[in-house]
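Letters A, B, ... mirror the listed sequences (proteins, then strands); counts begin at 1.
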Amino acid sequence: MMLDHGTLEQDHNNQTDILRHKMRHSAAHIMADAVLQLFPQAKMGIGPPTQDGFYYDFDVPQPFTPDDLIQIEELMNKTISQNQPFIRKELTRDEAKLLFADQPYKLEIIEAIPDAETLSIYSHGNFTDLCQGPHVENSSDIPAMKLLNIAGAYWRGDESRPMLQRIYGTAFENQEALEDHLEKLEEALRRDHRTIGRDLGLFSAHEEIGPGLIVWHPKGGILRSLIEDYWRDIHYRHGYNIVYSPHIGKSNLWETSGHLGFYKENMYAPMEIDDQEYFLKPMNCPFHIMIYRSGLHSYRELPLRIGELGTVYRYERSGVMHGLMRVRGFTQDDAHIFCMPDQVESEVGGVLDLTFEILNAFGFKDYQISLSTRPEKYVGELSLWDHATSSLESALQSRGLEHDIDEGGGAFYGPKIDIKIKDALDREWQCSTVQFDFNLPERFDLTFQDSDGERRRPYMVHRAILGSLERFFGVLIEHYAGAFPLWLAPNQVTIIPIADRHYDYCESVRDTLSNSGFRVEIDNRGERMNQKIRQAQMQKVPYMLVIGDREQENQMISARSRESGDLGSMSVHDLISKMQSEIK
RNA sequence: GCCCCUGUGGCGCAAUGGUAGCGCAUUCGAUUUGUAAUCGAAAGGUUAGGGGUUCGAGUCCCCUCUGGGGCUCCA
């Protein structure tokens, strides 16, 4: 949630942002300058500043190498040290076309700029680029800069257009800020859920199984079942009905739902069973609709909320898979709400409240909310769209939730609210989503009997809060860097006997804790205590209990916490109370 | 799917075209330890897979697959 942080700080942040924006934009120009000096045949694409850096795209005969990057950076530093002023000039279309006659991508950009807009160029040294600006005054106003990596990128993001070579870099107002940023990138790498997932034994993927298909290991499995238990419990409390549905369904079902029409490229090839085609499910909605349709519904039953932890399979192109964040088989915490028009707003509000309650419980505080409105191509009546969109809007507003508006960004079947969570690398991942659907109720001819006896069409809302358990788990791992809060830690307590003669007492402590519902392990390897502590720390176990002669004699334990080290001696009972209060 | 990079014991890495090594982890033995790494030994690899060049390939070339950084799309 974006809360008000006070205007002073905001002003400062804005000014820094503007400064960085300008300096990065200018750095992109200086980079293009360097590239053209080294590779005169290069054709320039675009070179904008981004959230934390800048890039520039080039069409070059040979892709850049890491060595090229070093050379380019050297040349850039030279330009920066030469104090070259940035000069803005306005010019006519014809002048611009002449100037960029051998730069086809620039010509394309010029063509695309509306006639009413003034064209401008920025120059430094011998380099000139078509550009709106603004820029820093002088090349020396880029105190700290570094090129980061090379990647392919389609011209205008369109895969039917040529692939250009993109160079990413970043720039900051001083060396310290740059180093902080690089340090942050390293920290993000350390938090990478793929690394932590392996080190903590949470999950894995295998060449033998196939890309984008995850196996959850015992420790990941405990975490998942804790998440699922919490999810079920809170959903029951919020009036949801929890259901189960199969993984495949006949082609008829998917034809009726329309998925074979508009979602086929994400669905796997059908399998034939008794002369009928069956498809692996990419979504749960048709099954929930069949549950709805298996009886007549009175207005008294609405709203009807049907939820499921439903595992779906979607084809993802081979280059897009990413750890747990983007996979081919995943479990959605899906639900469908069937309701009457006058219930829409409170239902949407209820979903939002539930969403933030759940996300908060997992420790998430920073979200990015967006409302997506009606696209050009859509189904359903305009009045329904307007009603739905305004109810989404007012549900957000009445809760004081700041949000972006993605005009025309809704699905063809309804407007939606998306909520994104940031991962360790500041990439945003969509988890929660609330979507209206004006398509499926029509296609499946859903009705309810209203108080006046008439059959009416219910509103249908899709919603997911965690999104997919896989992705949510990935974000959770990075959020905590593997040091999960006590209630989620796969192993909550490791008991460390000092010598063999303490095993029996350790087992009695273990039993006491287990009987109170805690997950406990005893490390009875023939290792030194320090080694056992080290391993438990690296496994991010919240509590370690050191047990030796002193403890055994006094029937106590010596507790150590993952965060604050030695907590001293206490009774098992005290430890239990301490942990219980930490959990609730 | 596309562009680039990558692939060596479970993990992290090494090996000018000439005998595949090291650390961690594992197993066994010794040690019985007081708040982040005890010592020793053993075991573990057709260098992702397939083809080619070469007297000789982990190393060079081609194909396939995995993984990574992006583009596009999305939970």
Q | Check ion pair R156(A)-D158(A) (N to O, under 4.0 angstrom) | A | no
Q.
Applying a 4.0 Å non-hydrogen cut-off, can you work out what A499(A) is touching in the nucleic acid: base, sugar-phosphate, or nothing?
A. base
Q) So what does G467(A) hit on the nucleic acid, given a heavy-atom distance under 4.0 Å: a base, only sugar-phosphate, or nothing? A) sugar-phosphate
Q: Counting Watson-Crick and G-U wobble pairs only, both distances under 3.5 Å, name the nucleotide matched with A41(B), or none.
A: U27(B)
**Q.** Greater than 12 external heavy atoms within 6.0 Å of K420(A)'s NZ
**A.** no
Q. Which part of the nucleic acid, if any, lies within contact of S558(A), taking any heavy atom under 4.0 Å across all strands shown: a base, the sugar-phosphate backbone alone, or nothing?
A. base
Q: Under 4.0 Å between any heavy atoms, over every strand shown, what does R166(A) touch: base, sugar-phosphate, or nothing? Just pick one.
A: sugar-phosphate
Q: Go through the steps to decide whether K184(A) and E187(A) satisfy the test salt bridge (charged side-chain N to carboxylate O under 4.0 Å, His left out), and finish with yes or no.
A: CA-CA 5 Å; K184(A) 202 179 138 202; E187(A) 170 62 18; over 6 Å; no
Q | Derivation of the salt bridge (charged side-chain N to carboxylate O under 4.0 Å, His left out) call for E159(A) and R317(A) | A | CA-CA 13 Å; E159(A) 63 187 53; R317(A) 306 215 278 174; 2.5 Å; yes
Q: Mind checking V327(A) for me? I need base, sugar-phosphate or nothing, with any heavy atom below 4.0 Å counting as a touch.
A: base
Q: Using a heavy-atom cut-off of under 4.0 Å over every strand shown, decide if E551(A) touches base, sugar-phosphate, or nothing.
A: base
Q. Looking at U35(B), C74(B), G1(B), which one has an atom nearest to any side-chain atom of I533(A)?
A. U35(B)
(Q) Using heavy-atom distances to pick each residue's nearest nucleotide on RNA chain B, tell me which of E470(A) and P63(A) is more 5'. (A) P63(A)
Q: Mind checking P211(A) for me? I need base, sugar-phosphate or nothing, with any heavy atom below 4.0 Å counting as a touch.
A: sugar-phosphate
(Q) Classify Y55(A) by what it touches in the nucleic acid, base, sugar-phosphate, or nothing, heavy-atom distance under 4.0 Å. (A) nothing
**Q.** Under 4.0 angstrom between Q531(A) side-chain N/O and A25(B) OP1 or OP2
**A.** yes
Q.
Regarding G157(A), tell me which of base, sugar-phosphate or nothing describes its non-hydrogen contacts under 4.0 Å with the strands shown.
A. sugar-phosphate
Q. Are more than 12 heavy atoms from other residues, nucleotides or ligands located less than 6.0 Å from atom CD of Q62(A)?
A. no
Q) Does A75(B) have F330(A) stacked on its base, where the ring centres are within less than 5.5 Å and the planes differ by under 30°? A) yes
**Q.** From U32(B), U35(B), C3(B), nucleotide with atom closest to Q165(A) side chain
**A.** C3(B)
Q. Base, sugar-phosphate, or nothing for R501(A), non-hydrogen atoms under 4.0 angstrom?
A. sugar-phosphate
Q: Report yes or no: is there a donor-acceptor pair, N or O only, under 3.5 Å between the side chain of R156(A) and the base of C71(B)?
A: no
(Q) Other residues, nucleotides and ligands only: do more than 12 of their heavy atoms fall within 6.0 Å of NZ on K43(A)? (A) yes
Q) Base, sugar-phosphate, or nothing for D333(A), non-hydrogen atoms under 4.0 angstrom? A) nothing
(Q) What's D566(A) touching, base or sugar-phosphate or nothing? Going by heavy atoms closer than 4.0 Å. (A) base
Q.
Here's a test of your reading of the structure: between N149(A) and R534(A), which maps to the more 5' nucleotide of RNA chain B?
A. R534(A)
Q: Give Q537(A) one of three labels, base, sugar-phosphate or nothing, depending on what nucleic acid heavy atoms sit under 4.0 Å from its own.
A: base
Q) With no angle test and no hydrogens, is the base of A75(B) tied to the side chain of E316(A) by a donor-acceptor pair under 3.5 Å? A) yes
